[in-house]
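Below: the structure, in structure tokens.
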Amino acid sequence: QVQLVESGGGLVQAGGSLRLSCAASGRTFSSWSMGWFRQAPGLEREVVAAITWSANTYYPDSVKGRFTISRDNAKNTVYLQMNSLKPEDPAVYYCAARNGWYAWQSALYNYWGQGTQVTVSS
């Protein structure tokens with residue numbers, strides 16, 4: 001069984017930065033692709049970043065240039081550095097894992113964390 005635990009959410013002013021972390025259990029972390037998703041009230045869950053086991057990355061246009069995903073396989077941890085946060089970024093941010101290439105569809109991920117809240121004040 002895989003467990004994912006996010007941390008690092010909180011309240012930040014617009015234009016500020018936050019770094020989210022996702023600690024994963026499991027011996028094969030280095031072979032998984034990882035994704036960060038977010039879901040705001042009333043909206044569908046959407047991908048904000050994804051990374052393969054070989055560090056290929058994907059970002060949607062909405063966060064490209066502001067968010068950076070990275071992973072430390074020795075620590076079984078994936079990170080999401082969020083800079084220049086905007087009023088449209090607040091949401092619950094989720095970490096997800098899948099056994100395969102990265103994907104932007106949430107339904108293709110097998111394991112999910114419990115989420116961490118990000119709030120941006122204007």
**Complete:** Residue pairs passing the side-chain hydrogen bond (donor to acceptor under 3.5 Å, both in side chains) test with at least one member in residues 69-79, sequence neighbours excluded, are R71-N73

**Residue pair W104 / P60, side-chain heavy-atom distance below 4.5 Å** = no

**Asked** Can you tell if the side chain of E6 reaches within under 4.5 Å of the side chain of S21, non-hydrogen atoms only?
**Response** no

**Prompt:** Nearest heavy-atom pair of A103 and A50: which atoms, and what distance?
**Reply:** O-CB, 4.2 Å

**Item:** Shared hydrophobic cluster for V47 and W101 (ILVMFWY, side-chain gaps under 4.5 Å)
**Value:** yes

**Request:** Only counting residues at least two apart or in another chain, list the ones meeting ring-ring contact (aromatic ring centres under 6.0 Å, His included) with Y109.
**Result:** F37

**Asked** Do you know the tightest heavy-atom contact between S62 and R38?
**Response** OG-NH2, 4.1 Å

**Item:** Reported CD-to-CD distance for the pair Q3 and Q114, which is rounded to 0.5 angstrom
**Value:** 10.0 Å

**Summary of disulfide bond (SG atoms under 2.5 Å apart) pairs that have at least one residue in residues 42-122, sequence neighbours excluded** = C22-C95

**Complete:** Sorted by chain and residue number, the salt bridge (Lys or Arg N to Asp or Glu O under 4.0 Å) partners of R19 (sequence neighbours excluded) come out as none

**Request:** Nearest 0.5 Å please: distance from the CG atom of L108 over to the CD atom of Q105.
**Result:** 4.5 Å

**Asked** Can you list the residues that meet the salt bridge (Lys or Arg N to Asp or Glu O under 4.0 Å) rule with K64, with sequence neighbours excluded?
**Response** D61

**Complete:** Heavy-atom closest pair (A14 atom, S122 atom, distance to 0.1 Å) is CB-CA, 4.3 Å

**Request:** Looking only at non-hydrogen atoms, find the nearest pair between P90 and A40 and report the distance.
**Result:** O-CB, 3.8 Å

**Fill in**
Connected to M82, directly or through other members, by ILVMFWY side-chain contacts below 4.5 Å are V2, L4, V12, L18, L20, F29, W32, M34, W36, V48, I51, Y59, V63, F67, I69, V78, L80, L85, Y93, Y111, V118, V120

**Prompt:** Looking only at heavy atoms, what is the nearest atom pair of R66 and S84, with distance?
**Reply:** NH1-O, 3.0 Å

**Complete:** Closest non-hydrogen atoms of R45 and S106, given as atom of the first, atom of the second and distance, are CD-CB, 4.5 Å

